[in-house]
Protein chains: 2
Amino acid sequence: MEQSNTRVPTPDKELAELKEHLRRGNHAELREGCKPGAELLSLIAEKWTVLVVIVLSDGPKRFKELQRSLTGVSQRMLTLTVRGLERDGLISRTVFPTVPPRVEYALTDLGESLRTPIFALGQWARDNRAVIEAARARYDRSAESAPAGDRNVSG
Amino acid sequence: MEQSNTRVPTPDKELAELKEHLRRGNHAELREGCKPGAELLSLIAEKWTVLVVIVLSDGPKRFKELQRSLTGVSQRMLTLTVRGLERDGLISRTVFPTVPPRVEYALTDLGESLRTPIFALGQWARDNRAVIEAARARYDRSAESAPAGDRNVSG
DNA sequence: CGGTATCCGTAAAGATACTG
DNA sequence: CAGTATCTTTACGGATACCG
């Protein structure tokens with residue numbers, strides 16, 4: 001790449017690369033200083049990670065199988081997701097040097113141990129979905145007439 | 001940029017307002033069509049929601065108390081978070097029309113019921129934090145020498 | 001097949017100022 | 001105190017193209 005004569009502050013290209021690197025690598029460093037609770041969130045909040053764990057609960061899967069199971073995930077996001085999970089030791093990645101290549105992902109023991117709390121959460125979600133949707137409908141209806149903090153006034 | 005005289009497609013101002021409206025209101029509609037698993041995630045993935053539930057497990061709190069407990073949340077994000085939780089029926093919001101104003105947030109029964117699975121997840125995180133950090137360190141070290149898919153080659 | 005690199009749009013998060 | 005409104009910054013996520 002063209003690093004010019006003296007020094008370019010942020011050539012917009014390098015910046016993007018840096019961002020990418022930070023994202024792919026350990027963006028956790030950015031949140032270091034936050035409480036451990038927040039770390040947990042970054043672990044499961046990345047939209048696809050939980051789904052991957054659930055799908056792999058069924059047994060090892062190849063890249064394409066994962067992608068098909070997740071209906072809607074892009075190649076990029078799936079790659080980032082499995083890399084992150086591999087990094088955290090939740091899944092293993094095994095390459096078979098055949099042609100065409102074959103890569104299998106599977107839950108590690110650590111990943112297996114995450115199944116229990118995740119499924120508990122899933123169970124809660126299923127049990128209370130109707131309640132939540134009802135609450136939303138109620139809220140949205142009353143929000144039309146009471147725009148802001150005029151609801152639930154005590155006294 | 002050069003939109004001609006006749007009709008402005010997205011006046012950049014209205015667009016922002018629309019976005020804000022969608023965000024504050026029911027952005028869930030955008031994800032409708034996704035699977036229920038994804039809905040669950042949008043429920044807890046918004047970075048502060050889980051923390052708020054945890055803090056409120058200790059008992060009702062006022063706005064400022066919540067903000068102090070969460071160290072680092074902005075006024076805006078806290079407002080959005082509690083609104084979302086209120087909408088979903090997980091917390092209640094009670095206004096005392098005193099001066100200065102006083103608003104208390106508390107877990108509803110539904111919110112209380114979420115404590116169990118959340119704490120289970122938190123327990124898992126605490127139990128395995130060391131393991132995960134070790135895995136990360138190992139991964140990052142080996143990733144330096146094996147840049148890509150050259151690790152864990154079978155055969 | 002299983003990725004990586006790049007570009008770009010949108011959504012989330014933060015800072016700040018102002019209101020009842 | 002408890003917000004709302006506005007603006008800016010940052011991160012997330014998708015589409016595409018190309019490589020081994």
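By convention in this document, chain letters (A, B, ...) are assigned in the order of the sequence lines, proteins followed by strands, and residues within each chain are numbered from 1.
B/Leu110 places a side-chain heavy atom less than 4.5 Å from the side chain of B/Ser113.
For A/Thr79, whose side chain is taken as the heavy atoms from C-beta onward, the closest listed nucleotide among C/dG14, C/dT4, D/dT4 is C/dT4. Ranking D/dG3, C/dG3, C/dC1 by closeness to the A/Pro100 side chain, first place goes to C/dC1.
For DNA chain C, the neighbouring residues in residues 57-67 of chain A, judged by any heavy atom under 4.0 Å, are A/Arg62, A/Phe63, A/Lys64.
A straight line from CZ of A/Arg83 to P of C/dG2 spans 12 Å, rounded to a whole angstrom. Put simply, CG on B/Leu80 is 14 Å from P on C/dA11, counting in whole angstrom units. One can place CD of B/Glu86 at 15 Å from P of D/dA2, the figure rounded to the nearest angstrom. Spacing between atom CE of B/Met77 and atom P of C/dA15 amounts to 12 Å, rounded to whole angstrom units.
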remark   = Under a 4.0 Å heavy-atom criterion, the protein footprint on nucleotides 15-20 of chain D, written with B, S and -, is B-B--B
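Remark: B/Arg93 is not in phosphate contact with D/dA2, judged by side-chain N or O atoms under 4.0 Å from OP1 or OP2. Residue B/Tyr105 has no polar side-chain atom (N or O) positioned under 4.0 Å from OP1 or OP2 of D/dC1.
Atom-to-atom distance recorded for B/Lys61:NZ and B/Leu70:CG is 10.5 Å, nearest 0.5 angstrom. Taken to the nearest 0.5 Å, the CD atom of A/Glu86 stands 12.5 Å off from the OG1 atom of A/Thr81. Going from atom CG of B/Leu121 over to atom CG of A/Leu114 covers 6.5 Å, rounded to the nearest 0.5 Å. Here the CG atom belonging to B/Asn128 is positioned 9.5 Å from the CD atom belonging to B/Gln123, to the nearest 0.5 angstrom. Put simply, CZ on B/Arg93 and CG on B/Leu85 are 13.0 Å apart, with the number rounded to the nearest 0.5 Å. One distance of note links CG of B/Leu80 with CE of B/Met77; it measures 5.0 Å at 0.5 Å rounding.
Using a 4.0 Å cut-off between a side-chain N of Lys or Arg and a carboxylate O of Asp or Glu, B/Glu133 and B/Arg136 do not qualify as a salt bridge.
Using five terminal pairs a side, the axes of the helix from C/dC1-D/dG20 to C/dG20-D/dC1 at its two ends make an angle of 40°, given in steps of 10 degrees.
Put simply, the side chain of A/Ser92 never gets that close to the backbone of A/Thr108: no donor and acceptor are under 3.5 Å apart.
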